[in-house]
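Read through the structure below, which is laid out as structure tokens, and then see the notes.
Owing to the predicted nature of the structure, the values given are computational and were not obtained by experimental measurement. Naming convention: chains lettered A, B, ... in sequence-line order (proteins, then strands); numbering from 1 in each chain.
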Amino acid sequence: MADPVRVRLAPSPTGDPHVGTAYVALHNMAWAKKNGGVFVLRIEDTDRTRYSPDSERRIFESLRWLGIRWDEGPDVGGDFGPYRQSERLAIYKEHCEILLAKSAAYLCFCTAERLDWMRKDQMRRGAQVGYDGHCRMMPPEEARKKQSAGEPCVMRLAVPREGETEYHDIPRGRIVFKNAAVDDQVLLKTDGFPTYHLANVVDDHLMKITHIIRAEEWLSSVPKHIHLYRAFGWPIPKMCHLSLLRSPDRSKLSKRKNPTSIEWYRQQGFLPEAIVNFLALMGSAMVAGKEEPEVFSLEEWIQGFDLSKIGATGPIFDIKKLEWLNGVYMRKLPSETLAKRLVDEKFSPPELTGEKFQKILPLVQERLKRLSEFKELADFFFAAPASIEPALLIPKGRDSTSTRQALEKILDRWKGLTEWSAGVLEASAVEVMQQLGWKKGEIFMAIRVAITGKTATPPICDVCVALGRDETLRRIENAQKC
RNA sequence: GCCCCCAUCGUCUAGCCUGGUCUAGGACACAGGCUUUUCAAGCCUGCGACACGGGUUCAAAUCCCGUUGGGGGCACCA
């Protein structure tokens, strides 16, 4: 019996909750669920200069909003804590000593200025950029002495100078790195905090992580991690690097070119299930055997999920397709649910009452691509148009007088109606149309503009019913004045 | 510059592992049409790809090599 599957998401709380984080989280969670395993959330907060306490909270909130749940983490506990790296400093220190004792790492006293100069020099010469090994030659006793004398230093990984390091990546297969090209990475910083490289290897081992599923940008640091695992004598977890989500210009998704914050998508009125579905579509994955194989729930997706299905090409984040999916979900939602979402996410006017809501929501529901569009699409239900554009009101080839007369006739007819229903309104409008010799489009458009100020609305007679008799007649009267 | 990854319609992808069933399938987008009181939605049609060059083979989108193109990494950031 193999070890139970344990995977982890390791975001660093340094900014907005990124859609790429959600993308990676989804794949981790899917793999854990698929195998009856455990999904761990670990906070990588070893960079105290970029750390933002608010960021952690927002990451949790955004992931939860998307329906992503973890089994262990700083906020839910677990047997392998603490789950914030800043709370594990003693553990890293201890492991640093092990590496030093095995000569797998060494202390480095080089100043930032020297490193800077060195790098510039390497660039200029067109040489490989990386630490030149200056302190690697130093006898350990001497290094210890300097260290105890209080000289600031870092600890670096002593990467073998020759040979190759290979490993197997799940979507990509065998990958081979030349050791000579691998830098002597800093493992422990002057401030006593570990770098990502040390912390992630130590934690993944201690937390019994079996599969590392993370973004492709980590691919080139894998050899460093392998050397670390070997130095410790630990087994190496399976690795799966997910291709980076791209901007339309194919560079990695960045907020300079694209909205990347999950919060932004939420504020724009995207539904979490649409975002999840969309993200799952990137890189492969369709649920087979459905009439709509590209529209599926999280559960359905997980059901058919497999790491072997993941592709290695970097998909462009196509917001047009997300919008389409969002529309699909908006139309599918029971209107009570949609109403609740609109209210909860603050996309509907506060004065919206239950009854009115029920009347208008079905009229706009299939026209919405984002929750945020509700306000604009439905504004005329809440207030008469502030002004009416005569050019829109008057059909092409007609004049203002005949338009005014047409509205007058409609008003007369509608005032006398005993039943206020879409069918009746329509029938009497058609009669007026015939009397005037107008076309259907002309009369209905004139009514539409008179009542809503717009040329694109739900079927106008339905709108009139939702608005009610008094309001409808009042608006037509007003329109005549302009 | 050095290291690594990737390569099917504009975009997301199926097919590739286990060559022939691929005149390469679906979806988004786009264009046209139908429906129609407008806008949506829906339905139909169209446009549209195996980056290029060499191999291997009776046969290559599928296997191998190279080229080109794109991407990522090269921090006391993750």
Side-chain angles (χ1 to χ4, degrees), chain A residues 10-15 44-47 49-50 108 110-112 115-116 119 122-131 152-156 169 171-173 175-178 180-183 185-191 193-197 199-200 215-223 241 243-244 246 248-252 278 281-286 288 292-295 308 311-325 327-328 331 364-369 377 426 429-430 433 439-449 452 454-461:
Chain A
S12 71
T14 54
E44 310 244 336
D45 57 350
T46 53
D47 182 352
T49 57
R50 292 202 303 157
C108 171
C110 293
T111 60
L115 294 175
D116 201 42
R119 249 173 243 126
Q122 289 165 337
M123 295 274 206
R124 195 180 48 234
R125 296 197 333 258
Q128 184 180 319
V129 177
Y131 185 61
C153 66
V154 299
M155 192 182 84
R156 284 182 185 275
D169 188 63
R172 284 162 249 269
I175 298 179
V176 184
F177 291 88
K178 293 179 188 68
V182 180
D183 201 7
Q185 187 52 240
V186 169
L187 300 175
L188 192 68
K189 299 182 264 187
T190 316
D191 64 3
F193 277 69
T195 58
Y196 170 85
H197 304 282
N200 114 84
E216 190 188 3
E217 48 195 336
W218 296 111
L219 199 62
S220 46
S221 45
V222 169
H241 289 88
S243 303
L244 260 14
R246 314 283 188 87
D249 70 356
R250 292 228 165 258
S251 61
K252 80 169 168 180
F278 175 68
L281 236 25
M282 319 247 81
S284 91
M286 279 184 221
E292 284 183 303
E294 300 201 345
V295 180
S308 69
T313 28
I316 290 175
F317 192 98
D318 180 10
I319 200 162
K320 277 270 186 2
K321 189 149 186 175
L322 208 210
E323 255 179 353
W324 164 74
L325 260 175
V328 170
R331 274 172 253 130
V364 293
Q365 181 159 9
E366 69 176 14
R367 284 159 240 270
L368 290 171
K369 284 207 298 277
L377 266 176
E426 194 177 321
V430 167
M433 172 198 87
K439 290 183 194 137
K440 229 174 180 184
E442 294 176 321
I443 190 74
F444 282 103
M445 188 53 87
I447 299 171
R448 183 190 323 282
V449 174
T452 66
K454 300 182 176 191
T455 55
T457 72
I460 194 60
C461 296

TODO: Determine which nucleotide pairs with rA41(B), using a 3.5 Å limit on both distances of a Watson-Crick or G-U wobble pair.
DONE: none

Task: Residue Gln128(A), side-chain atoms from C-beta onward, closest of rC2(B), rC4(B), rC77(B) - done: rC2(B)

- [ ] Taking only the side-chain nitrogens and oxygens of Arg156(A), find out if one of them lies under 4.0 Å from OP1 or OP2 of rC76(B).
- [x] yes

Task: Minimum-distance nucleotide (side-chain atoms of Lys189(A) versus rC6(B), rC76(B), rU11(B)) - done: rC76(B)

- [ ] Measure from the side-chain heavy atoms of Asp318(A) and tell me the nearest of rC28(B), rA75(B), rC77(B).
- [x] rC28(B)

Open item on the list: Is the phosphate of rG42(B) approached by Arg367(A) (side-chain N or O, under 4.0 Å from OP1 or OP2)?
Closed with: no

TODO: May I ask you to decide whether Lys321(A) forms a salt bridge with Asp318(A), counting only side-chain N to carboxylate O separations under 4.0 Å?
DONE: no

Open item on the list: Nearest to the side chain of Phe177(A), heavy atoms from C-beta on, is which of rA40(B), rC3(B), rC76(B)?
Closed with: rC3(B)

Task: N or O in side chain of Ser243(A) less than 4.0 angstrom from rG71(B) OP1/OP2 - done: no

TODO: Could you work out the separation of rG33(B) and rG70(B) based on their P atoms and round it to a whole Å?
DONE: 39 Å

- [ ] Once you apply the 3.5 Å cut-off to both distances, tell me the Watson-Crick or G-U wobble partner of rC16(B), or none.
- [x] none

Task: Sugar-phosphate, base or nothing in reach of Ile460(A), heavy atoms under 4.0 Å - done: base

- [ ] Using the six-membered ring for Trp and the full ring for Phe, Tyr or His, decide whether Trp324(A) stacks on the six-membered base ring of rC28(B) (centres under 5.5 Å, planes under 30°).
- [x] no

Open item on the list: Tell me which nucleotide, if any, is Watson-Crick or G-U wobble paired with rU36(B) when both distances must be under 3.5 Å.
Closed with: none

Task: Heavy-atom pair with the smallest gap, counting every atom of Cys108(A) and Arg156(A) - done: SG-NE, 3.4 Å

Task: Who pairs with rA51(B) - Watson-Crick or G-U, where each distance is under 3.5 Å - done: rU67(B)

Task: Any strand: nucleotide that pairs with rA60(B) via Watson-Crick or wobble, under 3.5 Å - done: none

Open item on the list: Is the phosphate of rG70(B) approached by Lys252(A) (side-chain N or O, under 4.0 Å from OP1 or OP2)?
Closed with: no

Open item on the list: Could you measure the distance from the NZ atom of Lys320(A) to the NZ atom of Lys369(A)? Nearest 0.5 Å is fine.
Closed with: 8.0 Å

Task: Distance (rounded to the nearest 0.5 Å) between Asp191(A) CG and Thr46(A) OG1 - done: 8.5 Å

TODO: Would you state whether a donor and an acceptor, one from the side chain of Ser220(A) and one from the base of rC4(B), lie under 3.5 Å apart?
DONE: no

Task: base_contact_polar (rG26(B) base, Glu294(A) side chain, donor-acceptor, <3.5 Å) - done: yes

- [ ] Select base, sugar-phosphate, or nothing to describe what Val182(A) touches, counting heavy atoms under 4.0 Å on all strands.
- [x] nothing

Open item on the list: What's the closest nucleotide to the side chain of Thr313(A) if the choices are rC5(B), rG70(B), rU8(B)?
Closed with: rU8(B)

Task: Complement of rC74(B), any strand, by Watson-Crick or G-U distances under 3.5 angstrom - done: rG1(B)

TODO: Quick one: label Pro315(A) by what it contacts on the DNA or RNA (base, sugar-phosphate, nothing), any heavy atom closer than 4.0 Å.
DONE: sugar-phosphate

Open item on the list: Does Lys321(A) contact rA27(B) through a side-chain donor or acceptor facing the base, at a distance under 3.5 Å?
Closed with: yes

Open item on the list: With a cut-off of less than 4.0 Å, is there a side-chain N or O of Lys440(A) near OP1 or OP2 of rU38(B)?
Closed with: no

Open item on the list: Once you measure the plane-to-plane angle for Tyr196(A) and Trp218(A), does it fall in the parallel (<30°), tilted (30-60°) or perpendicular (>60°) bin?
Closed with: parallel

Open item on the list: Does rA78(B) have OP1 or OP2 under 4.0 Å away from a side-chain N or O of Arg50(A)?
Closed with: no

